[in-house]
Amino acid sequence: MDATFATGKELQKMDPVFGQLSFDDHEQIVFCNDKDTGLKAIIGIHNSVMGPALGGTRMWNYNTEWEALNDVLRLSRGMTFKSAITGLNIGGGKAVIIGDAKTQKTPELMRKFGEFVHSLSGRYITAEDVGMETKDMDTVRDVTPYVTGISEERGGSGNPSPVTAYGVYLGMKAAAKSQFGTDVLDGKKVLVQGIGHVGETLVDYLTKEGAQVTITDINEEKLYQVASKYNATIYTGEDLYTADVDIYAPCAMGATINDNTVNKIKAKVIAGAANNQLADENVHGAILQERGILYAPDFLINAGGIINVYAELANYGKAEIMTKTENIYNTTLEIIDFAAKNNMTTHKAALTIAQNRIDQRRIENAAK
């Protein structure tokens, strides 16, 4: 079959890795399999120009292996730009483990995963992500030094989620300042989708500032627990994307801004912790811009977590972690201004600035 006339699904069959948009010139993809522990994992190293690839491990019960591959490709690419835009000297990588973290994750499985990470000799450094806890990173640390986000008792920076939430909160305030003329969130209606470690902490920040917080999550038990704790409203409508709110904060899985939702959104600001919020960053980013909705680039405002774990590699303490995270506020304003001056989406503006830093480092590396 002539690839020129092939459909997307046919291309996936013919070029299941290199032919995907999400491949985006990845340097290395490692498939990990262990029969004894049941481990099935994929490690993606997108770019190591700025340094070794650093990024968390996600354990998720994917519907298909293709879905898992596409996720790790999108996530590791995002890590490259997240680190670059934040000014960290680290590359972009990510890992996914296929399975149910609640029922299939075992210490033996995590140690075996750590052995695969170790086999890459430091080209990839792992950390915590969805489905993982600090104790899991401690288990990985038993077999490899190439892991961050380990417990403070073992000399690490601990759970990165609170720092991630703080960065998202500051990015949201910066976007509000640009869109509403003030960064004060008192009285603003905010919908937080996903109340895991990061989402709940974000709810805490918003509640303390006086925002009117509405929450939604697939975990009903957690939903009622968080609603009670912070006096938040549980969303009960049929379509949360049509909710009458000022700010939409996606803090669950990615691609919630897609063909089915992008024209429904009533919020004037989108600022959340989820990775890869735009299903198609060019198409959906442009539609948001045309509709006057300000999008705070996810890989910028959710960078607090990577700042936190990078501290273990760069040997800086809590004070510098917070200073670097607080700078997300100023960087968000700079990105919004750059986008307006260059008539481009905020997502494109953030990518451009990050890519410029990577290109400059590539030139410097070549000259050595």
Side-chain angles (χ1 to χ4, degrees), residues 12 15-32 39-60 62 64-86 88-98 113-114 116-132 137 140 144 146-149 160 164 253-255 273-281 297-300 302-310 313 347 350-351 354-355 357-359 361-362:
Q12 284 183 15
D15 300 301
V17 180
F18 297 104
Q20 304 314 308
L21 287 175
S22 53
F23 178 73
D24 191 49
D25 294 322
H26 270 72
E27 294 176 3
Q28 190 172 4
I29 301 168
V30 181
F31 293 86
C32 315
L39 174 71
K40 291 186 183 302
I42 310 172
I43 299 171
I45 298 174
H46 178 251
N47 188 290
S48 60
V49 171
M50 301 299 300
L54 173 61
T57 296
R58 169 174 296 184
M59 188 166 186
W60 191 256
Y62 294 97
T64 64
E65 292 174 3
W66 161 249
E67 190 177 278
L69 173 61
N70 192 49
D71 200 29
V72 77
L73 291 173
R74 283 169 58 87
L75 289 167
S76 52
R77 174 180 180 268
M79 292 306 300
T80 293
F81 297 113
K82 182 182 298 191
S83 295
I85 196 70
T86 315
L88 306 181
N89 294 319
I90 204 77
K94 206 81 172 184
V96 299
I97 297 175
I98 301 171
F113 173 71
F116 279 106
V117 170
H118 192 69
S119 72
L120 293 170
S121 304
R123 273 184 54 75
Y124 169 66
I125 301 168
T126 197
E128 180 184 323
D129 203 297
V130 175
M132 290 292 154
M137 296 305 102
V140 172
T144 181
Y146 304 123
V147 55
T148 56
T164 302
M253 299 299 280
N275 288 304
N276 302 315
Q277 293 167 25
L278 303 175
D280 185 313
E281 59 192 47
D298 50 47
F299 64 87
L300 165 61
N302 69 10
I306 197 73
I307 291 170
N308 188 70
V309 297
Y310 180 68
L313 304 178
H347 187 88
L351 280 180
Q355 188 62 57
R357 184 165 186 257
I358 294 167
D359 292 343
R361 177 58 61 87
R362 184 178 282 109

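Residues take their numbers from the sequence shown, with the count starting at 1. Keep in mind that what you see is a predicted model, and the values were worked out from it rather than measured.
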| request: Measure the acute angle between the ring planes of F81 and H46, then classify it against the limits of 30° and 60° as parallel, tilted or perpendicular. | output: tilted
Validation row: [X], [Y] side chains within 4.5 angstrom (heavy atoms):
X	Y	value
M253	N276	no
T57	T126	yes
C32	I42	no
M79	F299	no
E128	P160	yes
I98	W60	no
V130	M59	no
I97	M132	yes

| said: Would H118 and V147 count as a side chain to side chain contact (heavy atoms under 4.5 Å, CB included) here? Give the steps. | reply: CA-CA 9 Å; H118 192 69; V147 55; over 6 Å; no
I need the [X] [atom1] to [Y] [atom2] distance, nearest 0.5 Å.
X	Y	atom1	atom2	answer
Q28	I45	CD	CD1	4.5 Å
L351	E281	CG	CD	5.5 Å
L75	K82	CG	NZ	8.5 Å
I43	S119	CD1	OG	6.5 Å
I29	S76	CD1	OG	7.5 Å
N302	I307	CG	CD1	10.0 Å

Nearest heavy-atom pair of [X] and [Y]: which atoms, and what distance?
X	Y	result
Y124	G55	OH-O, 2.6 Å
I90	P52	CG1-O, 3.1 Å
A95	F113	CB-CZ, 3.7 Å
R58	N275	NH2-ND2, 3.8 Å
V72	H26	O-NE2, 4.4 Å
T144	G114	CG2-O, 3.6 Å

| request: Could you tell me whether E67 atom CD has more than 12 heavy atoms of other residues or ligands within 6.0 Å of it? | output: yes
| query | Which residues pass the ring pair (Phe, Tyr, Trp, His ring centres under 6.0 Å) test with F116, sequence neighbours left out? | reply | none
| Under the side chain to side chain contact (heavy atoms under 4.5 Å, CB included) criterion, do V49 and R362 qualify, and how do the steps go? | CA-CA 6 Å; V49 171; R362 184 178 282 109; 3.4 Å; yes
| remark: From the list T80, I358, L300, side chain to side chain contact (heavy atoms under 4.5 Å, CB included) with I85 holds only for L300
| task | Consider only side-chain N and O atoms of Y62 and T64, and report whether a donor and an acceptor are under 3.5 Å apart. | result | no
| query | Do D25 and R77 sit within salt-bridge range, that is, some charged N less than 4.0 Å from a carboxylate O? | reply | no
| query | Any Lys/Arg nitrogen of R74 or D71 sitting under 4.0 Å from an Asp/Glu carboxylate oxygen of the other? | reply | no
| task | Check for a donor-acceptor pair, side chain of T86 on one end and backbone N or O of L88 on the other, with a separation under 3.5 Å. | result | no
| query | Do D298 side-chain atoms and Q277 backbone N/O form a donor-acceptor pair below 3.5 Å? | reply | yes
| message | Listing request: all salt bridge (Lys or Arg N to Asp or Glu O under 4.0 Å) pairs with a residue in residues 116-127, at least two apart in sequence or in separate chains. | response | E27-R123
